[in-house]
Amino acid sequence: MTKVTLLKGDGIGPEISEAVIKVLDYAGADIDWDCQIAGAEAVEKYNTALPENTVNSIRRNKTALKAPITTPIGKGFRSVNVQLRKELNLFANVRPCKNIPNIKTRFDNVDIVVVRENTEDLYAGIEKQIDDNTAQSIKIITRDASLRISEYAFDYAVKNNRIEVCAVTKANICKLSDGLFLQCARETAEKYPQIKYREMLVDNCCMQLVQNPGQFDVLLLPNLYGDIVSDLTAGLVGGLGIAKSVNTGKDCAVFEAVHGSAPDIKGLDKANPTALLLSAVDMLKYIGQNTTAYKIEKALYKTLSDNIKTADIGGNARCSEFVRAIIENLEKN
Ligand code: ATP
């Protein structure tokens, strides 16, 4: 039995976590969940958004499944997601976006992996109020972090039979910071002659993505562009409800949905658990439970082909009905 840290999050987090655990249980996943808390619930209980117990649990177990945790806008505690990435040095955020069978979208040839630097850029959280009318955010790009993420992207490309890495920046405007990122990507590209390399400015990349996404393979981006572009790529294959991801470093991996805590649909039985479920499927593969992972994938795709879908992807099933159908399909296998 593998011990995995579980963060049920808030907003729709608890409902989609329950749904995912149910499916994993039915499929026979051999997991001992180590439940921990973070975010508003932790602030109330321990006066900190990211308790040491939670971080230590992930350090110990090396694998976590994390549901979304709300980040208060403009005030309140710092993003737990960002803190967690820093504490555990989860320097790479990998967001694969591929068409899912039976989810119809404008394009049917999307197979893009967004590799996003996860520890610095504007997310370094260095902000200053200069005066009442002026605020300043500082964008940090370092050589170490840029080389590390570039190597991760090229290494990922080699290990996953990918053809090309495209570095995406705004180096024409942020000449020093994005320029440094680009320089590191170029140096790394030279070490991987078997992988094609190209560069694109982020604005052009967004336009190309919505016009001709089939041209892209692995995208390598600094933190902020990575955040934005990966929501765009999620939209290409059906939206946030199905977009999976992993935050990974040298020692730990935290699997999570790309989407946030969606407070607008909290408790309404409307949330699509697919993104977290697919993240959990990747987690099962990561811990070596491949048979269970493929079984779940098959049951999920069958459910979608039976046209049982939640509202965000054009169906009318409630979250609970969708999960019930997945479980029925698991039982039929
Ligand atoms: P964050 O800044 O925390 O990433 P966000 O502002 O991007 O959050 P989300 O919480 O991801 O916002 O939600 C964006 C929109 O997508 C909302 O309308 C929400 O209801 C919808 N949404 C997000 N996740 C899901 C889901 N799993 N199922 C259905 N709808 C979702």
Side-chain angles (χ1 to χ4, degrees), residues 7-23 38-43 49-50 65-85 90 93-95 97 100 103 105 114 116 118 121-123 125 137 206 221 223-247 254-282 300 303-304 308-326:
L7 295 174
K8 291 189 180 174
D10 46 42
I12 57 168
E15 22 189 320
I16 58 173
S17 324
E18 291 302 334
V20 167
I21 291 166
K22 226 183 203 175
V23 173
E41 187 187 354
V43 171
L50 185 59
L65 182 67
K66 176 183 152 297
I69 295 168
T70 310
T71 304
I73 296 177
K75 55 183 165 46
F77 57 84
R78 261 192 85 199
S79 162
V80 169
N81 312 310
V82 174
Q83 283 189 60
L84 206 53
R85 290 166 195 172
L90 304 170
N93 183 212
V94 185
R95 298 179 165 187
C97 281
I100 290 188
I103 296 185
T105 53
V114 175
R116 162 187 173 193
N118 224 2
D121 195 349
L122 282 166
Y123 284 71
S137 296
C206 289
L221 308 97
N223 206 343
L224 183 64
Y225 310 139
D227 183 37
I228 297 164
V229 168
S230 60
D231 267 31
L232 193 162
T233 54
L236 290 173
V237 294
L240 286 174
I242 60 164
K244 61 182 182 176
S245 80
V246 60
N247 292 294
V254 176
F255 293 81
E256 64 177 342
V258 167
H259 62 75
S261 59
D264 53 328
I265 54 166
K266 173 188 170 183
L268 300 178
D269 201 15
K270 275 187 175 173
N272 186 352
T274 304
L276 191 64
L277 183 59
L278 286 172
S279 307
V281 163
D282 280 358
L300 169 68
T303 306
L304 295 169
I308 300 172
K309 296 173 183 161
T310 47
D312 59 302
I313 48 172
N316 52 19
R318 308 225 139 243
C319 176
S320 51
E321 290 164 343
F322 182 63
V323 171
R324 209 173 308 129
I326 297 173

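Indexing begins at 1, ligand by ligand and atom by atom, following the structure's order. These numbers come from the heavy atoms of this one structure, side chains and all, not from hydrogens, waters or symmetry mates.
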Would you indicate whether the side-chain heavy atoms of Leu232 and Cys206 approach each other to under 4.5 Å?
-> yes

With the threshold set at 4.0 Å, does a side-chain nitrogen-carboxylate oxygen contact exist between Lys8 and Glu18?
-> yes

One pair per line, please: each N/O atom of ligand 1 matched with every protein N/O atom under 3.5 Å away, atom names first, then the distance to 0.1 Å.
unit_1	atom_1	unit_2	atom_2	d
ligand 1	10 (O)	Ser261	N	3.4
ligand 1	10 (O)	Ala262	N	2.8
ligand 1	11 (O)	Gly260	N	2.6
ligand 1	18 (O)	Asp264	OD2	3.0
ligand 1	20 (O)	Asp264	OD1	2.9
ligand 1	20 (O)	Asp264	OD2	2.9
ligand 1	24 (N)	His259	ND1	3.4
ligand 1	27 (N)	His259	NE2	3.2
ligand 1	27 (N)	Asn272	O	2.9
ligand 1	28 (N)	Asn272	N	2.9

Contacts satisfying salt bridge (Lys or Arg N to Asp or Glu O under 4.0 Å) that involve residues 233-245 (not counting sequence neighbours) are Lys244-Asp282

Which of these passes side chain to side chain contact (heavy atoms under 4.5 Å, CB included) with Ile69: Leu50, Leu84, Asn81?
-> Asn81

Provide the full list of salt bridge (Lys or Arg N to Asp or Glu O under 4.0 Å) pairs with a residue in residues 313-323, sequence neighbours left out, each pair given once.
-> none

The side-chain contact (heavy atoms from CB on, under 4.5 Å) partners of Ala49 (sequence neighbours excluded) come to Val43, Phe77, Val80, Gln83

